[in-house]
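For this chain, numbers begin at 1 and follow the sequence in order. Predicted, not measured: the structure shown is a model, and the values here were computed from it.
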Amino acid sequence: MNSRRSFVKKSLAITAGISIIPRHVMGGTKFLAPSDQLTKAVIGVGGMGQQHLNYEGTKLLAICDVDGKHLSNTLKKVGSDVKGYRDFREVLARPDIDIVHIATPPHWHGIMSVMAAEAGKDVWCEKPMTRTIGEGKRVVEAMKVHGKMFRLNTWFRFKDNFYGMGTPVKKLKKVVDSGALGWPLKVTISGVTGFNWKFYWVGKENLKPQEVPAHFDYNMWLGPAPEKPYHPHRTHATFRGYWDYDGGGLGDMGQHYIDPVQYFLGKDNTSPIKVEIDAPQQHYDAIGTWRKIIFTYADGCQIILDGENKDKNAAYIEGPNGKIFNGFKSTIPNIEGLINSLPDPEEQISVFSHSVKTRQKFALNEENGHRSATIVNMGLAALRLGRNLDFDPIKQEFINDEAANRLINQAERTSWEY
């Protein structure tokens, strides 16, 4: 495989002679007429990728997948002017595409986001934002350097009822900001509080190598991941059970559950200073389950992930002065009256096409998204190593733990190193 930068540069050079001119070229890197029809491509059209085909305010021009069956089946569903690709780098080389949706397995999220920004695209990326802390830092930097807009595809901080709470996060934010619960706060995320961990996302040990199907480009699917013999359980719907590609139930649901907590605790610009785990020893390749993970911030606030649902009386949010339980039940008298008396949180941009046109950051962007992904990746690092870890939220590195810091920037196959 060619290096990512040389491929994009060569492709852009070739297309430079074609009459298609990107809109932003004529008006500067941040120009986009509000009346323009935004165009997009979707990379990865199996599973979640199907849900990215028809989002608001955009016209689909291209889809890409390394699985020929996924690609051909999706091409039958979309317009005849949509072109299919097997190599995402050819998509990035098209100057007529404004937004790239990344719906691949997580081991590609960081690399594709950076490459898309380098190619002049805004990015809509599936969760988890990145598989490592280092990848997240590079995405933040790439969006800043290239002036690109970024959306992470978890939305509970700004719309819809939030799982077991049965209410939008805005109500939780208003109560927390009011100080009615006191400080510091403890948030428990478990089946008891309405947030079930998907522990069926576990890997299998000692898989016997199988022949790669003719329609599937396994080498490209792996990309930056270590080269391992093919087995269907490592790919597609079950890839989440392997450390090379994701983080099990925590990798799958962690950012959905934790990002809103980070928001209503006011932690968008920092990270916990400690992660403590109670879990069986993990296999080097196949992800297992865990019993409890506790994240602690410098001010004493905690996020507790109760994988066993052990605390049957757990409040979702607990402070010195009150509690909020599953279903938004509370020990605070007339909590609805309190909420109605409080000002709403600061308005957030919740439509990505508006963010792209105005060049104003989306509600969940690369910066706050990186911080909530970091919480997940702190937990995964502690699980893999089988020990508690201390973390510096400013340097964004583990304290006095060389092995943990090696997980921040994990080795990639040479063709995909940054």
Side-chain angles (χ1 to χ4, degrees), residues 47-48 51 103 105-106 126-129 131 152-169 171-173 185-204 233 236-243 245-265 272 275-280 282-283 286-295 302-318 323-330 364 369 372-380 382-384:
M48 281 300 299
Q51 299 183 33
E126 263 301 331
K127 54 78 190 169
M129 177 174 151
R131 198 182 64 87
L152 183 63
N153 201 39
T154 177
W155 52 88
F156 294 105
R157 70 160 58 201
F158 57 85
K159 78 170 190 176
D160 289 355
N161 286 347
F162 185 41
Y163 288 100
M165 288 298 97
T167 183
V169 167
K171 286 187 175 183
L172 299 169
K173 177 69 170 169
L185 299 178
K186 179 175 73 174
V187 177
T188 300
I189 302 175
S190 70
V192 173
T193 61
F195 302 83
N196 286 302
W197 294 104
K198 296 181 178 179
F199 282 142
Y200 51 78
W201 291 126
V202 293
K204 295 182 178 180
H233 199 265
H236 291 348
T238 46
F239 64 80
R240 296 191 190 279
Y242 300 90
W243 295 114
Y245 323 122
D246 199 357
L250 179 56
D252 180 33
M253 299 306 293
Q255 204 157 12
H256 268 326
Y257 292 168
I258 292 172
D259 180 76
V261 178
Q262 172 183 274
Y263 167 61
F264 64 65
L265 289 180
V275 54
E276 301 167 272
I277 63 162
D278 177 12
Q282 298 291 307
H283 186 262
I287 299 171
T289 61
W290 41 269
R291 292 179 286 270
K292 181 180 282 189
I293 305 175
I294 301 174
F295 301 94
Q302 289 188 322
I303 301 175
I304 298 175
L305 314 184
D306 182 358
E308 292 185 313
N309 302 326
K310 200 167 186 178
D311 186 352
K312 302 301 182 183
N313 299 309
Y316 177 62
I317 309 176
E318 179 176 347
K323 301 178 181 181
I324 297 176
F325 295 88
N326 187 345
F328 206 63
K329 299 173 183 177
S330 179
L364 183 52
S372 54
T374 291
I375 301 174
V376 173
N377 286 322
M378 286 176 63
L380 295 176
L383 288 173
R384 293 184 74 172

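Taking NE2 from His233 and CZ from Phe239, the interatomic distance works out to 12.0 Å, rounded to the nearest 0.5 Å. Annotation: the span from Asn153 atom CG to His256 atom NE2 amounts to 7.0 Å, rounded to 0.5 Å. To the nearest 0.5 Å, the span separating OG1 on Thr193 from CD1 on Ile324 amounts to 12.0 Å. Atom CD1 in Ile375 sits 9.0 Å away from atom CD in Gln255 (nearest 0.5 Å). Between Asp259 atom CG and Phe158 atom CZ the span is 9.0 Å, to the nearest 0.5 Å. With rounding to the nearest 0.5 Å, the separation of CD1 in Ile287 from CZ in Arg384 is 8.0 Å.
In plain terms, the two heavy atoms of Leu383 and Leu250 that are nearest each other are CD1-CD2, 4.3 Å. Taking all atoms of both residues into account, the shortest heavy-atom contact from Ser372 to Gly369 is OG-O, 3.2 Å. Minimum interatomic distance between Val275 and Ala382 (heavy atoms only, all atoms of both residues): CG1-CB, 4.0 Å. Nearest heavy atoms, Ala314 versus Thr188: CB-CG2, 4.0 Å. Between Pro106 and Pro128, the shortest heavy-atom distance links the atoms CG-CD, 3.7 Å. In terms of heavy-atom proximity, Phe325 sits nearest to Met165 at O-CE, 3.4 Å.
Within the structure, the salt bridge (Lys or Arg N to Asp or Glu O under 4.0 Å) test picks out the following pairs touching residues 249-258 (sequence neighbours left out): Lys127-Asp252, Lys198-Asp252, Arg240-Asp252.
Put simply, the side chain of Gln262 reaches to within 4.5 Å of the side chain of Arg157, judged on heavy atoms. You'll find the side chain of Phe264 reaches within 4.5 Å of the side chain of Val169, heavy atoms only.
Within the 3.5 Å criterion, the main-chain N or O of Thr154 finds no donor-acceptor partner in the side chain of Glu126. The main-chain N or O of Lys204 is found under 3.5 Å from a side-chain atom of Tyr242 such that the two form a donor-acceptor pair. Using modelled atom types, no side-chain atom of Asp306 and backbone atom of Ser190 make a donor-acceptor pair closer than 3.5 Å. Side-chain atoms of Lys312 come within 3.5 Å of backbone N or O of Asn309 as a donor-acceptor pair.
Every ring-ring contact (aromatic ring centres under 6.0 Å, His included) that Tyr245 has, sequence neighbours left out, goes to His107, Trp221. In this structure, Lys292 has no salt bridge (Lys or Arg N to Asp or Glu O under 4.0 Å) partners at least two apart in sequence or on a different chain.
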Exercise. Carefully, step by step, assess Phe195 and Asn326 under the rule side chain to side chain contact (heavy atoms under 4.5 Å, CB included).
Key: CA-CA 9 Å; Phe195 302 83; Asn326 187 345; over 6 Å; no
Quiz item: Under the side chain to side chain contact (heavy atoms under 4.5 Å, CB included) criterion, do Leu305 and Trp290 qualify, and how do the steps go?
Solution: CA-CA 9 Å; Leu305 314 184; Trp290 41 269; 3.7 Å; yes
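Taking the six-membered ring wherever Trp is involved, the centroid distance between the rings of Tyr263 and Phe156 does not fall below 6.0 Å. Here Phe162 and Phe328 keep their ring centres 6.0 angstrom or further from each other.
Here the rule is side chain to side chain contact (heavy atoms under 4.5 Å, CB included) with Ile189, and of Ile258, Ile293, Asn196 only Ile258 fits it.
Annotation: Asn313, atom CG; neighbour count of heavy atoms from other residues, nucleotides and ligands within 6.0 Å does not exceed 12.
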